[in-house]
Participant: 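A single structure is presented below for examination.
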Amino acid sequence: MDKLLFWPLDITYTSSEDCGEIKLWGISGENKRIVLVDRTFKPYFYAVPKNQSSLEALFRELEKLSRIDKKVLSVEKTEKYYFGKPITVIKITLISPLYLNEWENKIRRHPLVSEILESDIRYSMRYLIDKDIYPCNWYLANVEEFKGSSNVSVDQIFMLNSMSLYNGGGVTLPKLKILAFDVQWYSPKGSPKPETSMVALISIATNTGIMKQFFLEDMDEKEILSSFSSFILNFDPDIIVGFNINKFTWPLLLSRAKILDENLNISREYSSPQTSLYGHISIAGRANIDLMDYAESLYEIKIKTLPRIAEYLGIDLPEGEKLITSPLIYSYWKNKEKRVLLSKHSALSAKIILEIFKKALPFITQLSNVTGLPLDQVLAAPVGFRVEWFLIRQAVKDNELIPRRAERPYYPYKGAFVLKPRSGLHENIAVLDFSSMYPNIMIKYNISPDTYLPSVEELSPEEFWMAPEVGHPFRKHPPGFYKRVLEKLLSLRSEIKKQLKNLQPSSLEYLLLDNRQKAVKIIANACYGYTGWLGARWYVKPCAEATAAFGRKIIKETISIAKAYSLKIVYGDTDSIFVVNEPEKISKFIETVEKKLGLNIKIDKIYTVCLFTEAAKRYAGLLPDGRIDVIGFEAVRGDWCELAQEVQLKVIELVLKAKSPLPAIKYVNGIISNLKRQKIPFEKLIIWKTISRPIDKYEVVPPHVAVAKSLIDMGYAINVGDKVGYVVTKGDSKKLSERAKPYFMVNYSDIDIDYYISKQVIPAALRILSIFNVTERNFLRKTSTLDSWFIKRSP
DNA sequence: GCAATCCATGTACCG
DNA sequence: ACCGGTACATGGATTGCG
């Protein structure tokens with residue numbers, strides 16, 4: 001038997017009649033690509049008896065039933081907890097995953113069975129969980145060399161006996177082989193479609209410095225695909241990364257390959273990419289990662305394009321090189337000159353994808369490791385599922401049964417408390433907030449599905465906490481499931497933060513741990529939302545309702561305490577309070593709050609100047625270091641044109657610094673005059689809005705939907721979640737919807753400048769300046785006939 | 001009869 | 001496919017005035 005270091009990258013399984021076969025794909029301590037095979041793991045599920053008195057009868061029946069069926073390995077009684085209550089259930093273990101469905105169906109409707117549990121945990125995840133294996137960690141594996149042949153593309157195959165966490169190397173990553181790729185299509189009309197479009201070009205960039213292009217000019221389409229496949233098999237990447245590949249490139253490429261009778265057998269088992277969980281595409285033995293899923297987490301980037309993401313992450317494009325963002329790119333192949341642009345664009349895209357991925361890798365590996373979700377799934381999985389997999393791991397460690405997902409009706413409940421702001425300019429404002437308010441409320445009041453008491457008749461008031469307003473009681477002892485999970489998450493985070501203090505900020509270990517800390521924070525902060533999510537396995541509405549109710553009580557009491565110290569309160573939202581900065585009062589206030597409420601509150605930041613309008617959730621502030629925070633206003637909303645955002649940002653800056661509206665008014669008038677003279681770049685006039693549902697599900701036709709419809713008519717695919725960019729043109733119609741046009745089909749001369757003056761620039765500026773009683777009359781009026789006469793004659 | 005106001009719809013933000 | 005609270009644009013329906 002050998003021992004070796006192993007870093008799990010991917011897990012797959014196959015089933016045969018007598019066993020399931022797990023393949024753990026990964027990298028060895030000697031940087032070899034290896035696969036560890038385990039055929040000894042048996043799938044199982046639990047049958048919950050209707051009541052504990054029917055347990056024996058059910059057990060005998062199932063045992064009898066199983067004795068005549070070789071597919072069942074064992075039927076046994078086992079002690080578990082279900083929502084915190086001890087329960088004896090029957091564990092049915094099968095010899096292969098092939099028979100799970102059959103056996104579940106066989107006994108699901110048995111009169112003595114109340115429900116079947118954990119048959120909905122996939123065999124591969126079951127394996128990782130039961131063996132306590134987390135992806136992206138080093139393990140010490142006890143293995144035996146596999147003797148025999150197997151059609152897999154790895155350096156070595158082993159049979160796995162056991163493995164345990166290896167703590168010797170600190171937090172490190174293996175040397176991964178990464179392949180970034182970009183595909184360009186030729187589509188004469190609209191978006192590419194598998195039947196009528198062609199693969200014009202595939203570009204590849206690897207982290208070993210290889211650049212490669214397969215171009216329709218040099219070979220036919222079939223050859224492009226086969227060259228691409230061969231390249232992948234030869235280079236043998238651990239990670240394949242692209243941009244928008246899960247929903248676009250891979251499905252299109254696979255359909256096109258089928259039409260051309262070509263295969264894309266690029267996995268480490270020589271199989272084709274497969275649609276898998278959470279809409280991601282899986283490639284056996286490798287991690288296929290879509291940077292679009294990563295970009296979802298970068299909420300500051302409103303329009304998720306490669307150049308914007310690159311810019312945000314501080315990745316410089318080579319001098320003079322640019323990425324094309326126009327949808328007309330699909331027709332470029334037809335034009336000889338544009339072909340050159342297309343080729344350059346594609347090569348650059350592949351390089352940029354690789355660079356973005358290198359920056360994202362520490363976070364992705366840590367999120368994968370913290371949640372336990374495989375590297376290729378973790379970004380594709382919605383936040384609720386990431387939280388849930390963390391919970392599932394904890395449940396299994398605690399011997400808790402995993403509930404099933406259920407269909408439930410939606411009833412809203414009351415959420416957080418928001419204080420009306422004092423409008424106007426304020427100087428020297430301290431922003432105080434509770435650290436991790438909701439997680440700490442859940443910990444303090446032991447709010448959890450298993451501590452919730454539907455009835456408290458037999459208990460004395462000392463034995464439970466009672467949520468205010470909503471009246472939901474929760475047992476004080478023992479610690480509930482959420483409390484255990486959240487304490488673990490919070491202590492994990494503070495431990496990591498402690499470690500970070502002793503590390504060089506420039507070191508790789510610091511980078512990894514810092515990203516680990518961020519991953520833990522994301523999970524902890526999503527736990528409250530998870531409790532109120534209808535899709536949650538551990539959904540118990542009173543938990544969410546009670547947590548929000550405690551939150552309201554706490555922030556209201558905090559406001560009272562602030563008043564008692566005669567602090568001037570400017571604003572507050574959920575877990576924060578904005579007060580005039582009087583340090584002595586504030587330190588006493590903090591002391592009292594922490595003593596009375598038992599939660600930590602701290603000064604988060606100081607604004608030397610800040611401004612509020614009448615509206616909640618919108619403010620701007622100047623920080624001592626000169627940076628400016630803008631919260632909620634149009635300037636940070638992706639559905640206003642860039643010009644309006646830019647104007648508002650500048651207005652905010654001028655107002656905060658001059659504490660007067662005058663320079664801002666002058667500035668805005670300058671912009672309006674530039675706009676009239678057509679001096680504003682066209683791109684700054686595009687308005688982007690998201691298509692949030694299938695087009696035929698809209699009850700009215702807002703501008704962006706009208707534009708989406710016309711794009712669809714032109715052959716463009718518009719999917720839910722896509723952003724549509726339009727500009728407003730002059731026209732006879734009063735309706736905006738009829739004057740909004742796809743941005744790439746409009747000439748500057750057709751732009752309705754008045755719309756941009758009166759519906760974009762002026763409202764964005766006035767939102768801020770109205771606190772000084774500035775009105776529309778303080779700005780230049782709209783264009784007159786004279787203006788347009790002038791424009792026609794100016795060069 | 002017409003302007004002012006109300007209201008439903010839709011999007012994107014805050015914490 | 002984490003929650004509720006909130007602001008605001010748009011455009012058609014309703015109201016209020018006389």
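Below, chain A is the first sequence line, B the second, and so on; all start at residue 1.
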Participant: Would you say C/dC2 has OP1 or OP2 under 4.0 Å from some side-chain N or O of A/Tyr413?
Facilitator: no
Participant: Examine C/dT10: is either OP1 or OP2 under 4.0 Å from a nitrogen or oxygen in the side chain of A/Arg739? Give yes or no.
Facilitator: no
Participant: From the list C/dG4, B/dG15, C/dT10, which nucleotide is the closest neighbour of the side chain of A/Asp575?
Facilitator: B/dG15
Participant: With heavy atoms under 4.0 Å as the rule, sort A/Arg693 into base, sugar-phosphate or nothing.
Facilitator: sugar-phosphate
Participant: Hey, does the side chain of A/Thr451 reach the backbone of A/Gly480 with a donor-acceptor pair shorter than 3.5 angstrom?
Facilitator: no
Participant: Determine whether a donor-acceptor pair (one donor, one acceptor, N or O, separation below 3.5 Å) exists between the side chain of A/Arg637 and the base of B/dA12.
Facilitator: yes
Participant: Touch check for A/Arg405, heavy atoms < 4.0 angstrom, all strands: base, sugar-phosphate only, or nothing?
Facilitator: nothing
Participant: Do the ring planes of A/Tyr571 and A/Phe612 sit parallel (below 30°), tilted (30 to 60°) or perpendicular (above 60°)?
Facilitator: tilted
Participant: Indicate, with a heavy-atom threshold strictly under 4.0 Å, whether A/Lys734 touches base, sugar-phosphate, or nothing.
Facilitator: nothing
Participant: Side-chain N or O of A/Arg618 less than 4.0 angstrom from OP1 or OP2 on C/dC8?
Facilitator: yes
Participant: Respond yes when some side-chain nitrogen or oxygen of A/Tyr698 is under 4.0 Å from OP1 or OP2 of B/dA8, and no when none is.
Facilitator: no
Participant: What's the closest nucleotide to the side chain of A/Val383 if the choices are C/dG5, B/dA12, C/dC2?
Facilitator: C/dC2
Participant: Rounded off to whole Å, could you give me the CG-to-P distance for the A/Asp639 and B/dC13 pair?
Facilitator: 6 Å
Participant: Can you tell me which residue among A/Val651, A/Ile768, A/Leu649 is in a side-chain contact (heavy atoms from CB on, under 4.5 Å) with A/Phe633?
Facilitator: A/Ile768
Participant: Between A/Tyr299 and B/dG15, does any side-chain N or O lie under 4.0 Å from OP1 or OP2?
Facilitator: no
Participant: Please pick, from B/dG15, B/dT11, C/dG5, the nucleotide with the shortest atom-to-atom distance to any side-chain atom of A/Val418.
Facilitator: C/dG5
Participant: Taking atom C1' of B/dA12 as reference, at what distance in whole Å does atom CZ of A/Arg767 sit?
Facilitator: 13 Å
Participant: Over all strands shown, is A/Tyr571 touching base, sugar-phosphate only, or nothing at heavy-atom distances under 4.0 angstrom?
Facilitator: nothing
Participant: Taking atom P of B/dT9 as reference, at what distance in whole Å does atom CD1 of A/Ile691 sit?
Facilitator: 18 Å
Participant: How many Å lie between NZ on A/Lys420 and P on C/dG5, as a whole number?
Facilitator: 12 Å
Participant: Hey, is A/Glu557 close enough to A/Lys596 for a salt bridge, meaning N to O under 4.0 Å?
Facilitator: no
Participant: Are any of A/His704's side-chain N or O atoms less than 4.0 Å away from OP1 or OP2 of B/dG10?
Facilitator: no
Participant: Between A/Phe474 and A/Phe550, is a ring pair (Phe, Tyr, Trp, His ring centres under 6.0 Å) present by the stated rule, with each step listed?
Facilitator: CA-CA 12 Å; A/Phe474 294 88; A/Phe550 274 116; 7.8 Å; no
Participant: Whole Å only: how far is the CD atom of A/Gln760 from the C1' atom of C/dT10?
Facilitator: 13 Å
Participant: Using a 4.0 Å cut-off on heavy atoms, which residues in residues 519-535 of chain A reach DNA chain B? List them by number, or say none.
Facilitator: none
Participant: Taking 4.0 angstrom as the limit, do A/Arg126 and A/Glu118 come out as a salt bridge?
Facilitator: yes
Participant: Tell me the interatomic distance from A/Ile762, atom CD1, to C/dC8, atom P, rounded to whole angstroms.
Facilitator: 17 Å
Participant: Does B/dA12 have OP1 or OP2 sitting under 4.0 Å from an N or O in the side chain of A/Thr690?
Facilitator: yes
Participant: Calculate the interatomic distance between A/Asp722 atom CG and B/dG10 atom P; express it in whole Å.
Facilitator: 18 Å
Participant: What is the nucleic acid contact for A/Trp640, judged by heavy atoms within less than 4.0 Å: base, sugar-phosphate only, or nothing?
Facilitator: sugar-phosphate
Participant: Students often get this wrong, so: under 4.0 angstrom with heavy atoms, is A/Val387 touching a base, only sugar-phosphate, or nothing?
Facilitator: nothing
Participant: On the 0 to 90° scale, with breaks at 30° and 60°, tag the A/Tyr743-A/Trp688 ring pair as parallel, tilted or perpendicular.
Facilitator: tilted
Participant: Measure CD/A/Glu296 against C1'/C/dA1 and give the value in whole Å, please.
Facilitator: 13 Å
Participant: Using a heavy-atom cut-off of 4.0 Å across all strands, would you classify A/Tyr539 as base, sugar-phosphate, or nothing?
Facilitator: nothing
Participant: Do any side-chain nitrogens or oxygens of A/Lys617 fall under 4.0 Å of OP1 or OP2 in C/dC8?
Facilitator: no
Participant: Applying a 4.0 Å non-hydrogen cut-off, can you work out what A/Ser576 is touching in the nucleic acid: base, sugar-phosphate, or nothing?
Facilitator: nothing
Participant: What's the closest nucleotide to the A/Val636 side chain, out of C/dA7, B/dC14, B/dA12?
Facilitator: B/dC14
Participant: Would you call the rings of A/Phe481 and A/Trp538 parallel, tilted or perpendicular if under 30° counts as parallel and over 60° as perpendicular?
Facilitator: tilted
Participant: Tell me whether A/Arg618 is salt-bridged to A/Glu634, with the criterion being a basic N under 4.0 Å from an acidic carboxylate O.
Facilitator: yes
